[in-house]
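The structure under discussion appears below in the form of structure tokens.
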Amino acid sequence: MRKVCIAGNWKMNMTPSEGKAFAASLAESVGDVTGNVSVVVAPPFITIPSVVEQVKNSNIKVAAQNMSDKESGAFTGEVSADMLLDAGVSIVILGHSERRALYKEDDAFINRKVLLALEKGLDVILCVGETLEERENGQLETVLKRQVTEGLKDVSPNDMSRVIIAYEPVWAIGTGKTATGDDANSAHAFIRGVVAEMLNEGVANSVIIQYGGSVKPSNVKSLMAMEHIDGALVGGASLSVENFAPIVRYND
Ligand code: PEP
């Protein structure tokens, strides 16, 4: 049985003091979740230390929303993998569609970050997903195949145990539109097939594939019932304990 990962991406929300109060309440509410489900939150860089402090005695892991493709040096405004590790981060989200679209991150650039993160000891959540235009033009599979094969280029089968793939159809992010369970499941199955072709069936069967795109308490159960959906990457609904806790506890 594959593990499940429920992750909250706070995006550019939560100052350090807001994040501290929120993380304390989250730790009380879902910090005891164990077993097959792992819980992750991804605060903005500057909020990370206060969140790490609040969740340190819980099972909640802290992720970053991005990192530099460089190790260190004259890269003003960048944050390195070593800095994240030193701050208590264990996972990094890479290739989010907002970074692809707004900051023009391409697959080769994302791949450099994936390889560096893994080499440094961070786990990775690699986001992939098609735009509405690509879906309507029948390019869903071409886009997913390219993003998966180029994003994970040169990742060893061994290191794949530290990689989660998040399928996030861009048209479903922050829009209130959710892919149907069947649509999401078939995209996930396709992604698993791409991983099998690239590496092997064993890796493909064990890789966690999260769904992301307007996940909320009311739709999480039906999404999680799908064979190939192994968790959720949650944006808007991760910003309140009232919404995020029932998503984490979808199985109760
Ligand atoms: C996201 O940004 O990764 C996301 C899935 O956002 P939302 O849940 O708000 O659609």
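In listed order, ligands and their atoms are each counted from 1.
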Within 6.0 Å of CD in Glu242, more than 12 heavy atoms from elsewhere:
no
Glu130 bridged to Arg135 by N-O distance under 4.0 Å
yes
Examine ligand 1 and decide if any of its atoms is less than 4.0 Å from a heavy atom belonging to Gly174.
yes
Measure the distances from the heavy atoms of His96 to every atom of ligand 1 and state whether one is below 4.0 angstrom.
yes
Atoms of ligand 1 close to Gly213 [distance to a heavy atom under 4.0 angstrom, numbered from 1]
5 (C), 10 (O)
If only atom types and distance count, is the side chain of Asn137 paired as donor or acceptor with the main-chain N or O of Gln139 below 3.5 Å?
no
Just by distance, do the side chain of Asn200 and the backbone of Pro157 share a donor-acceptor pair under 3.5 Å?
no
Do Asn243 and Ser240 get their side chains close enough for a donor-acceptor pair, meaning under 3.5 Å?
yes
Atom indices of ligand 1 within 4.0 angstrom of Ala172 heavy atoms, with elements:
10 (O)
Exceeds 12 heavy-atom contacts within 6.0 angstrom, atom NZ of Lys216:
yes
Atom 5 (C) of ligand 1: nearest protein contact (heavy atom, Å):
Glu168 OE2, 3.1 Å
Among non-hydrogen protein atoms, atom 8 (O) of ligand 1 lies closest to Gly235 N, 2.8 Å
Counting each atom of ligand 1 from 1 as listed, which ones have a heavy atom of Gly236 under 4.0 Å away?
7 (P), 8 (O), 9 (O)
Atoms of ligand 1 less than 4.0 Å from Ser214 heavy atoms?
7 (P), 8 (O), 10 (O)
